[in-house]
**Q** 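Handing you a structure now.
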Amino acid sequence: MMQISDLPTAYAMVHLPAKVALAVTQKPDGQFNLITIEWFMRTSIQPPMFAISIGHTRYSHDCLEETRFFNLVFPSPMQKALLSLCGSNSGRDIDKFTAGEVKHIPGKLHKLPILTDAIVNFECEVVSQVRSGDHTIYVGQVHYSWQDKEKELFFYPEQG
Ligand SMILES: Cc1cc2nc3c(=O)[nH]c(=O)nc-3n(C[C@H](O)[C@H](O)[C@H](O)COP(=O)(O)O)c2cc1C
């Protein structure tokens with residue numbers, strides 16, 4: 001075990017296996033965007049809440065500042081390519097729903113899309129936020145949940 005002196009480099013190097021998710025947001029023009037995220041967590045049981053941490057440079061950050069809803073989506077293995085697409089392209093440049101041929105139905109809360117190839121979708125309303133360095137942590141209260149019990153969770157990087 002050696003001490004790491006350069007903290008920013010240390011952050012960049014850390015790439016432990018982790019769960020990944022997608023967050024759906026609404027663009028200012030009314031269309032929808034998708035972002036791949038690793039920095040998310042449950043923050044309350046009652047009411048149910050999730051926090052997502054979104055970088056200030058992301059288009060998703062602009063979207064969340066404008067429209068205070070997001071869907072947190074837990075992907076299935078069949079969405080591996082979509083996770084890559086949404087983690088390496090900005091919604092400023094492409095429509096990720098079209099590029100990723102994303103199957104979806106309208107949600108109930110703010111009509112943000114529910115991804116039907118995923119295992120779980122949580123429809124969240126932003127109830128608070130905190131600046132965290134170069135990211136903002138958005139805390140969302142879950143209003144509606146959707147689940148496909150036949151599908152398995154996808155882990156990143158792939159294990160086993
Ligand atoms: C595995 C993986 C995990 C990521 N986790 C996050 C995250 O937690 N928060 C974040 O802001 N960006 C994260 N990103 C980067 C964004 O997904 C990426 O910058 C994306 O292109 C932003 O899209 P947008 O500009 O449409 O919002 C991650 C990317 C990958 C590949």
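Positions are given from 1, in the same order as the sequence printed here. Computation of the quantities below employed the complete heavy-atom set of this structure, encompassing side-chain atoms and omitting hydrogens, waters and symmetry-equivalent molecules. Order of listing sets the numbers, starting from 1, for every ligand and every atom in it.
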**Q** Between N33 and ligand 1, which residue portion shows a heavy-atom distance shorter than 4.0 Å: side chain, backbone, both, or neither?
**A** side chain
**Q** Do L83 and V102 sit in one hydrophobic cluster, given that two such residues count as connected whenever their side-chain heavy atoms are within less than 4.5 Å of each other, even indirectly?
**A** yes
**Q** Which atoms of ligand 1 have any heavy atom of I54 under 4.0 Å away?
**A** 11 (O)
**Q** Going by the atom numbers of ligand 1, which of them fall below 4.0 Å from some non-hydrogen atom of S53?
**A** 7 (C), 8 (O), 9 (N), 10 (C), 11 (O)
**Q** Check whether any N or O atom of R58, backbone or side chain, sits under 3.5 Å from an N or O atom of ligand 1, and answer yes or no.
**A** yes
**Q** If you measure from the Lys or Arg side-chain nitrogens to the Asp or Glu carboxylate oxygens, is any gap between D62 and K27 under 4.0 Å?
**A** no
**Q** Are R68 and Y138 close enough, and set up right, to give a side-chain contact (heavy atoms from CB on, under 4.5 Å), and what steps lead you there?
**A** CA-CA 9 Å; R68 313 292 285 170; Y138 294 95; 3.9 Å; yes
**Q** Please check if any side-chain donor atom of H110 sits under 3.5 Å from a side-chain acceptor atom of E123, or the reverse.
**A** no
**Q** For ligand 1 and I35, I'd like to know whether there is a polar contact (N/O to N/O, distance under 3.5 Å).
**A**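 So ligand 1 has no N or O lying under 3.5 Å from an N or O of I35.
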**Q** Numbering the atoms of ligand 1 from 1, which are under 4.0 Å from a heavy atom of I37?
**A** 4 (C), 5 (N), 6 (C), 7 (C), 8 (O), 9 (N)
**Q** Within ligand 1, which atoms have a heavy atom of S60 less than 4.0 Å away?
**A** 24 (P), 27 (O)
**Q** Which atoms of ligand 1 have any heavy atom of K96 under 4.0 Å away?
**A** 23 (O), 24 (P), 26 (O)
**Q** Could you tell me if any non-hydrogen atom of C86 lies under 4.0 Å from any atom of ligand 1?
**A**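 The answer is yes: ligand 1 sits under 4.0 Å from a heavy atom of C86.
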**Q** Would you say L64 and V130 are hydrophobically clustered, going by side-chain heavy atoms of ILVMFWY under 4.5 Å?
**A**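 No, because L64 and V130 fall into different hydrophobic clusters, even though each may have its own neighbours under 4.5 Å.
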**Q** Would you say the rings of F50 and F40 are close, in the sense that their centroids are separated by under 6.0 Å?
**A** no
**Q** Could you tell me which atoms of ligand 1, counted from 1 in the order shown, lie closer than 4.0 angstrom to a heavy atom of W39?
**A**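 With W39 as reference, the close atoms of ligand 1 come out as 8 (O).
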